[in-house]
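Every chain is numbered from 1 and lettered A, B, ... according to where its sequence line falls, protein lines coming before strand lines.
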Number of protein chains: 2
Amino acid sequence: MTDTLTASLEDYLEAIFHIASDRQAVKPRDIARRLKVSYASVTGALRSLAQKKLVNYTPYDLITLTPEGVEAARDVVRRHEVLHDFLVDVLAVDDAEAGDAACLMEHSIPRTVMDRLIQFVEFVQTCPRGGSEWVQGFSHHCDHDSARENCEKCIVSCLEETRKKARQRGKGQMVLSKLKDMKPGQKCRIIKVRGRSEASKRILGMGVIPGSVVEIERISPPGGPIDVKVRGYHLSLRKDEAEGIDVEVI
Amino acid sequence: MTDTLTASLEDYLEAIFHIASDRQAVKPRDIARRLKVSYASVTGALRSLAQKKLVNYTPYDLITLTPEGVEAARDVVRRHEVLHDFLVDVLAVDDAEAGDAACLMEHSIPRTVMDRLIQFVEFVQTCPRGGSEWVQGFSHHCDHDSARENCEKCIVSCLEETRKKARQRGKGQMVLSKLKDMKPGQKCRIIKVRGRSEASKRILGMGVIPGSVVEIERISPPGGPIDVKVRGYHLSLRKDEAEGIDVEVI
DNA sequence: ATATAAAGTTAGCCATGGCTAATTATCTGC
DNA sequence: GCAGATAATTAGCCATGGCTAACTTTATAT
Ligand SMILES: [Mn+2]
Ligand SMILES: [Mn+2]
Ligand SMILES: [Mn+2]
Ligand SMILES: [Mn+2]
């Protein structure tokens with residue numbers, strides 16, 4: 001169990017995980033199509049994964065991930081997504097290309113580097129000297145290699161923005177919201193996790209602390225769960241759990 | 001020849017290149033030690049590389065890279081170094097760990113992503129809103145998850161710095177230097193490449209344009225060549241070539 | 001000069017992970 | 001229910017890239 005998975009097997013796990021999310025059943029055909037390999041290769045990989053107790057596999061039967069398989073697959077997907085987000089959001093790489101690159105690089109990036117990468121992306125998104133306009137400045141800088149004449153203006157507006165926020169914070173007028181009031185697609189920064197619910201333990205256990213960036217992914221209609229992404233992890237929070245989390249919109 | 005090298009063979013090439021730089025002769029023993037593989041594995045790899053015309057290899061003889069081998073090796077080394085610099089300078093990863101990580105990741109990062117990564121690191125080093133204090137801010141942010149209270153101060157000083165530079169630029173008092181007057185370890189930004197010498201063609205051919213960051217690596221004593229690193233490439237410039245390049249110290 | 005040590009090569013084993021071709025199982029339409 | 005199509009498996013091939021063990025070549029010391 002200490003042995004690490006090969007790049008190939010990680011890709012199979014990832015594929016199975018995604019197919020299982022999309023459709024109900026996972027069949028060798030789906031995997032072969034997705035990974036562009038022959039049926040025979042799929043059978044071989046499934047045998048390996050079954051031997052490692054990561055998938056439930058008996059010939060001609062449906063394919064499912066074991067609990068350990070789900071865990072391993074989630075880890076691969078997380079690496080993929082973190083890399084993808086970095087490539088797109090920070091390096092301004094084309095989306096499709098970022099997907100391909102992420103799927104190549106996801107197998108060789110060490111855990112510690114992953115963690116730092118997440119922290120860095122959060123820092124860029126959070127730090128007033130970073131922020132989205134700054135990143136856009138980079139994109140612009142990439143496309144046109146024109147001189148950056150408006151540097152001073154850029155910093156001045158950044159400073160004003162920061163001062164405004166500081167003033168509001170001082171007067172207790174900070175734009176504090178509850179996580180449950182966010183809309184899908186929005187990003188916010190965690191200010192405080194109140195209560196000692198299961199959710200707060202789960203969150204803190206993932207290294208999510210005040211200051212972390214949370215992205216709202218989906219909100220199920222009638223007071224249903226809220227799906228968020230934080231530090232690359234996907235989390236589903238009940239409405240009452242999301243009530244106890246104070247955030248600041250970015 | 002269109003076929004791309006495997007990660008393993010790239011590592012052998014990289015090792016041979018480095019050993020050749022350190023000592024005069026390259027022997028299987030050195031490669032085996034460096035890559036922590038058996039002698040037999042080295043022989044096998046050398047046969048592969050010889051067949052691909054990347055090394056000159058006859059049993060019991062010294063090992064040398066062919067011109068194409070040098071080119072391929074340089075490319076691997078460049079990828080390694082660019083990644084290493086990014087990990088250390090931007091992500092603040094520990095130096096030794098960055099080396100290991102770079103050597104794993106160098107084989108799976110696509111060329112286009114490499115290019116963007118270089119541009120990004122240059123942007124961070126060049127943009128007033130980025131800069132070294134900003135990156136240090138990130139390191140600090142990583143170590144202590146204390147609140148960043150001094151954000152405003154940070155931006156103010158950044159603004160003042162920018163204004164000062166802009167004023168100097170306006171009065172024509174810009175701190176313009178010639179590349180040849182730099183000291184090893186210094187980084188500077190290219191302002192202008194004068195003349196149409198071989199060197200300027202070589203430089204421009206590598207995508208090095210005004211705005212690019214150059215790091216001085218070594219200066220040979222009596223008016224000898226100047227070794228610089230730019231966009232991940234190592235370049236050796238003659239003194240008179242370096243004379244024609246105007247730079248601004250960062 | 002020759003014995004011994006060290007370095008290097010070869011042969012052959014194994015694991016991984018592709019593939020094709022042949023076979024078997026399952027599904028679908030009539 | 002059965003024929004033909006589709007899906008899946010098996011067997012076997014090949015390439016890569018590790019390894020060990022046995023051998024050969026080269027270096028070193030007496
Ligand atoms: Mn992948
Ligand atoms: Mn992937
Ligand atoms: Mn490597
Ligand atoms: Mn390397």
Step through the shown structure and confirm whether more than 12 heavy atoms of other residues, nucleotides or ligands are within 6.0 Å of CD on B:Gln186. yes
Under a 4.0 Å heavy-atom criterion, the protein footprint on nucleotides 17-25 of chain C, written with B, S and -, is SSBB---BS
Close side-chain approach of A:Ile245 and A:Leu237, heavy atoms under 4.5 Å: yes
Note, A:Ile16 side chain near A:Ile31 side chain (heavy atom, < 4.5 Å): yes
For A:Arg74, I'd like to know if atom CZ has over 12 heavy atoms of other residues, nucleotides or ligands within 6.0 Å. no
Whole-Å gap separating P (D:dA15) and CD (B:Gln51): 11 Å
Taking everything shown except A:Lys229 itself, do over 12 heavy atoms lie less than 6.0 Å from its NZ? yes
Distance under 6.0 Å and angle within 45° of the ring axis: does B:Arg78 meet both against B:Tyr233? yes
Starting at atom CG of B:Asp30, determine the distance to atom C1' of C:dA6, rounded to an integer number of angstrom. 14 Å
Considering only side-chain heavy atoms of A:Pro59, which listed nucleotide, D:dA7, D:dT10, C:dT9, is closest? D:dT10
Helical bend (five base pairs per end, nearest 10°) for the helix from C:dA1-D:dT30 to C:dC30-D:dG1: 10°
Between B:Tyr12 and B:Tyr57 (judged by ring centroids, cut-off 6.0 Å), do the two rings come close enough to count as a pair? no
Tell me the interatomic distance from B:Leu46, atom CG, to C:dT9, atom C1', rounded to whole angstroms. 11 Å
Drop me the distance from B:Ile19's CD1 to B:Arg33's CZ, to the nearest 0.5 angstrom. 8.5 Å
Residue of the set A:Glu106, A:Glu10, A:Met114, A:Arg111 for which side-chain contact (heavy atoms from CB on, under 4.5 Å) holds with A:Asp75: A:Arg111
Which whole-number value in Å describes the distance from A:Leu49 CG to C:dT16 P? 12 Å
Interface residues of residues 100-111 of chain A with DNA chain C (non-hydrogen, below 4.0 angstrom): none
Touch class at under 4.0 angstrom, heavy-atom based, for A:Arg47 against every strand present: sugar-phosphate
Round to the nearest Å and state the distance from A:Leu62 atom CG to D:dT9 atom P. 11 Å
A:Asp61 CG - C:dC27 P separation (whole Å): 10 Å
Check this for me, if you would: do A:Glu122 and A:Arg189 make a salt bridge, where the nitrogen-to-carboxylate-oxygen distance has to be below 4.0 angstrom? no
Take atom CD of A:Glu71 as the centre, draw a 6.0 Å sphere, and report whether it contains more than 12 heavy atoms from other residues, nucleotides or ligands. no
